[in-house]
Number of protein chains: 2
Amino acid sequence: MRTAIVLEMPTWSALALDGLRAAGLRRGGARRAVVEYLGAQDCCCSAQEIREGIAASGSAVGVASVYRALDTLAELRLVQRVDVGDGVARFEPVRADHHHHHHLVCDDCGRVAPFTDEPLERALERAAGRLGYTLEQHDVVLRGACDDCRRGLAPPGA
Amino acid sequence: MRTAIVLEMPTWSALALDGLRAAGLRRGGARRAVVEYLGAQDCCCSAQEIREGIAASGSAVGVASVYRALDTLAELRLVQRVDVGDGVARFEPVRADHHHHHHLVCDDCGRVAPFTDEPLERALERAAGRLGYTLEQHDVVLRGACDDCRRGLAPPGA
DNA sequence: ATACGTGCAAAGTATTTGCAAACGG
DNA sequence: CCGTTTGCAAATACTTTGCACGTAT
């Protein structure tokens, strides 16, 4: 008898809110807004982006609250901080189910793109094992020129 | 007739100073001091650390000059910026000859330790190739507990 | 001699913190 | 209702910039 157990893939937002509850934390305005905004993104975003994104959808939260929410979520291992070298901290959901991804940073226009690579993932795990290191988090940042910049196109953003 | 061509392994400092000259840049006080300090380190250090290190050896340079020197060196690909997630930019020599290393960051005490792993290195190159990406720089930051912290020892620094 | 480099201090950003008010449970 | 959470604004930390002077070439 087969049952459709895996059909429900809870969103990261739902998982994160559960995580907050499990930790005995409240999910009022700011915290919830941050979780919901992050859950809708597919790559990392800065605190400012999060704040603006939330503002764009009607509500408004203080920057401080965004940082505090991110801090809390990071402690619970629900979000991961990603540093791409521009002095701005970025954050992204840690999705257990989803494939982990890493980051390509364009040296030219500064844009950040996600990528996944299974062999790399395995190499990382083996490396950690070899070092006797319990891998809590990891992040690979590769730098180079993105497709757009390589082709001499002006970056759309700036 | 064999000549002892490879016996001289020029220090990174020497290479960096050459690089500066090649770029038509001067190597006066601050720039030279930064290069010499960095060349003597085996892992990444922050601008403040560099400044203090230089101060400790007699000379004194302004923070601004350290940042400017690092900026210049980074543009020449002589140093690489390393971000370990504590909001402080760190920098380290790019040693062509030497084996590239990556970073282990202790989630507990925050210390940064270098490590090398050949298979990981190869996996990175293959991944970049697979992505059609010209790898200019890369940095892997692994997070977890360092040996000291795992053993419940108090971190020596703080 | 002269343009490049440097130091100082002031300015600019990103992030954190203190505190009273708001609100979730 | 009560203690957590939030927003605001002030504080902090890091990094950058302007400008006058010093110095390598």
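Atom set for the values below is all heavy atoms of this structure, side chains included, hydrogens, waters and symmetry mates excluded. Every chain is numbered from 1, with letters handed out A, B, ... down the list of sequences.
- Using a 4.5 Å heavy-atom cutoff, the side chains of His102(A) and Leu124(A) are in contact.
- Within the nucleic acid shown, Ala69(A) has no heavy atom closer than 4.0 Å to any nucleic acid atom.
- In this structure, Arg81(A) contributes its side chain and Gly85(B) its backbone to a donor-acceptor pair below 3.5 Å.
- The Arg27(A) side chain lies nearest to dG25(C) when the options are dG25(C), dT6(D), dT15(C).
- Considering only side-chain atoms of Ala64(A), the nucleotide from dC4(C), dC8(D), dT4(D) that sits closest is dC8(D).
- An end-to-end axis angle of 40° holds for the helix from dA1(C)-dT25(D) to dG25(C)-dC1(D), taken from five base pairs per end and rounded to 10°.
- Leu70(B) has its side chain within reach of Leu38(B): a pair of non-hydrogen atoms, C-beta onward, lies under 4.5 Å apart.
- For the pair Asp71(B) CG and dC14(D) P, the computed distance is 18 Å after rounding to whole Å.
- Side-chain contact between Leu104(B) and Val112(B): absent, with no pair of heavy atoms (C-beta onward) separated by less than 4.5 Å.
- The side chain of Arg26(A) places no N or O atom within less than 4.0 Å of a non-bridging phosphate oxygen (OP1 or OP2) of dT4(D).
- Between Arg32(A) atom CZ and dT6(D) atom C1' the separation is 15 Å, expressed in whole Å.
- With no hydrogens or angles considered, a side-chain donor-acceptor pair links Glu121(A) and His138(A) at under 3.5 Å.
- Looking at the side chain of Gln48(B), the nearest of the listed nucleotides dT15(D), dT17(D), dT4(D) is dT15(D).
- Where Gly28(B) and Ala47(B) each meet DNA chain D at their nearest nucleotide, the meeting point lying more 5' is that of Ala47(B).
- Side-chain atoms of Arg68(A) and base atoms of dG7(D) include a donor and an acceptor less than 3.5 Å apart.
- In this structure, CZ of Arg90(B) is placed 16 Å from P of dA13(D), rounded to the nearest angstrom.
- Under the 4.5 Å side-chain criterion, counting only non-hydrogen atoms from C-beta, Arg31(A) is not in contact with Ser65(A).
- Between the Glu75(A) side chain and the Thr72(A) main chain, no donor and acceptor come within less than 3.5 Å of each other.
- Atom-to-atom, CG of Leu70(A) to C1' of dT5(D) comes out at 15 Å; the value is rounded to the nearest Å.
- Leu25(B) places its CG atom 14 Å from the C1' atom of dT6(C), with the value rounded to the nearest Å.
- Rounded to whole Å, the distance from CZ on Arg21(B) to C1' on dA24(D) is 13 Å.
- Between Glu75(B) atom CD and dT16(D) atom P the separation is 11 Å, expressed in whole Å.
- Distance alone, capped at 3.5 Å, places no donor-acceptor pair between the Glu136(B) side chain and the Gly144(A) backbone.
- Within the 4.0 angstrom heavy-atom criterion, only backbone atoms of the sugar-phosphate kind lie near Val61(B); the bases stay farther away.
- Taking side-chain N and O atoms only, Ser65(B) has no distance below 4.0 Å to OP1 or OP2 of dG5(C).
- When distances are taken from the side chain of Val88(A) to each of dT15(D), dG7(D), dA14(C), the shortest belongs to dA14(C).
- In this model, the phosphate group of dT15(C) is approached by a side-chain N or O of Tyr67(A) to a distance below 4.0 Å at OP1 or OP2.
- Look at CZ on Arg31(A): it is 19 Å from P on dA22(C), rounded to the nearest Å.
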